[in-house]
Amino acid sequence: MNKILYMVVPCYNEEEVLHETAKRLTEKYKSLIQRNLISEKSRVVFVDDGSKDNTWNIICSLHESDPIFSGIKLARNSGHQNAVLAGLMTVRELCDMAITMDADLQDDINAVDEMVQKYHEGYQVVYGVRSARKTDTFFKKFTAESFYKFMKIMGADVVYNHADFRLMSSRVLAELANCREVNLFLRGLVRTLGFKSCNVMYERAERFAGESKYPLKKMLAFALNAITSFSTRPLRLITGAGLFMFVISIFAVIWTICVKLTGNAELGWSSTVCSIWFIGGLQILALGIIGEYIGRIYEEVKQRPRFIIEEFINESDDMEKLSQSSKGL
Ligand code: UDP
Ligand code: MG
């Protein structure tokens with residue numbers, strides 16, 4: 001029997017691109033079904049992440065015109081990572097494999113063939129990796145690549161230049177459901193699950209229409225979340241810096257005593273002022289970093305639902321399979 005593929009597409013104010021995305025996905029699905037690579041029961045699930053525009057109405061009309069399209073409406077804007085998770089957790093019992101893809105057609109739909117092929121070869125996770133960033137602006141390219149490099153220095157295991165375009169088998173999704181963390185960083189999380197995985201290269205295109213929903217502020221929050229969710233190295237760096245300063249201070253004390261004994265005590269004004277600023281700055285920075293981690297712990301212990309599904313429209317015979325697990329995980 002052919003395997004069921006569910007494509008999870010998070011959408012936040014994407015009215016300008018949805019029709020085109022739907023058109024291209026229909027063509028892709030038709031060809032995959034024709035070639036017996038996926039089952040006819042395969043679906044595309046658009047997750048409306050609390051959009052303020054016409055996105056949900058478009059999803060509903062797409063569903064009415066073609067049952068291949070399903071929709072999940074989140075009760076509010078929960079962020080890209082939570083929207084992806086909401087989709088995955090909802091469909092995990094209905095599919096054999098799921099692919100997550102952005103709505104704006106930046107991820108190359110043609111890479112889906114190879115991903116599905118890899119699944120049939122026995123891979124449980126297939127990462128879509130960007131081979132080039134020709135279409136990105138210098139700023140986007142620089143910030144994104146620095147992010148991957150910085151994550152590596154901070155000790156988090158991520159696939160270089162892999163965003164959230166990836167295939168996962170239902171086996172992997174079942175394990176993902178056991179991870180209850182609120183501060184989500186899916187690319188790191190999926191990597192920690194293990195399983196047989198491989199990369200598929202693709203060229204990242206330009207956004208088809210509309211604007212990026214990831215302004216600098218969201219990007220920074222995302223990077224901070226990624227680091228604090230996956231690495232305690234910053235805390236260790238603070239300890240290292242503290243130790244270093246302690247050693248320096250021993251020398252400083254010896255030096256102060258020497259200056260005092262030679263009768264030149266007033267000499268130290270600039271060094272005192274410099275150390276006050278330096279140590280003060282370092283302490284505040286250290287407190288800030290520790291505060292970030294405490295903030296994460298605070299959010300984790302509250303265990304609030306990571307997303308709330310308001311509505312799910314889907315045409316499938318297996319609807320009764322839909323487990324409780326998807327309800328606001
Ligand atoms: N997105 C979302 N919720 C948000 C922000 C973005 O679901 O709060 C979706 C968005 O609709 C898109 C994907 O996440 O499908 C990636 O966003 P975008 O293309 O704006 O990011 P960029 O490619 O510029 O990093
Ligand atoms: Mg994009």
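Whatever order the structure lists ligands and atoms in, that order sets their numbers, starting from 1.
Checking only distances, Tyr12 does come within under 3.5 Å of ligand 1, N or O to N or O. At least one N or O atom of Ala103 sits closer than 3.5 Å to an N or O atom of ligand 1.
Within a 6.0 Å radius of CD in Glu121, other residues, nucleotides and ligands contribute more than 12 heavy atoms. More than 12 heavy atoms of other shown residues, nucleotides or ligands fall within 6.0 angstrom of atom NZ in Lys196.
The shortest contact between atom 14 (O) of ligand 1 and any protein heavy atom is with His80 CD2, 3.0 Å. Shortest contact from atom 20 (O) of ligand 1 to any protein heavy atom: Lys213 N, 2.3 Å. Shortest contact from atom 22 (P) of ligand 1 to any protein heavy atom: Ser212 OG, 3.7 Å. Looking at atom 4 (C) of ligand 1, its nearest protein heavy atom turns out to be Asp49 OD2, 3.5 Å. In this structure, atom 21 (O) of ligand 1 lies nearest to the protein heavy atom Tyr214 CD1, 3.3 Å. At the top of the distance list for atom 18 (P) of ligand 1, counting protein heavy atoms only, stands Arg207 NH2, 3.5 Å. When only non-hydrogen protein atoms are considered, atom 8 (O) of ligand 1 lies nearest to Lys218 NZ, 3.0 Å. For atom 16 (C) of ligand 1, the closest non-hydrogen atom of the protein is Asp102 OD2, 3.4 Å.
Asp104 contributes OD2 as its N, O or S atom closest to the Mg ion (ligand 2).
Of the residues listed (Glu292, Glu299, Glu300), the one engaging Arg296 in a side chain to side chain donor-acceptor pair (under 3.5 Å) is Glu292, and it is the only one.
Counting only heavy atoms from C-beta outward, the side chains of Tyr127 and Leu167 never approach each other to under 4.5 Å.
The ligand atoms of ligand 1 that sit less than 4.0 angstrom from a heavy atom of Gly79 are 3 (N), 8 (O). Contact atoms of ligand 1 toward Glu14: 10 (C), 11 (O), 12 (C), 15 (O) (distance under 4.0 Å to a heavy atom of the residue).
A salt bridge links Arg171 to Glu175: one of the charged nitrogens lies within less than 4.0 Å of a carboxylate oxygen. Of the charged side-chain nitrogens involved, none lies within less than 4.0 Å of a carboxylate oxygen, so that Arg76 and Asp49 do not count as a salt-bridged pair.
Of the candidates Thr100, Val47, Asp104, Leu18, the one placing a heavy atom closest to atom 19 (O) of ligand 1 is Asp104.
Proximity of the aromatic rings of His63 and Phe69 is defined here by a centroid distance below 6.0 angstrom, and this criterion is not met.
Note: Phe147 and Phe185 have perpendicular aromatic rings, judged against thresholds of 30 and 60 degrees for the angle between ring planes.
Residue Asn82 holds its CG atom at 9.5 Å from CG of Asn77, rounded to the nearest 0.5 Å.
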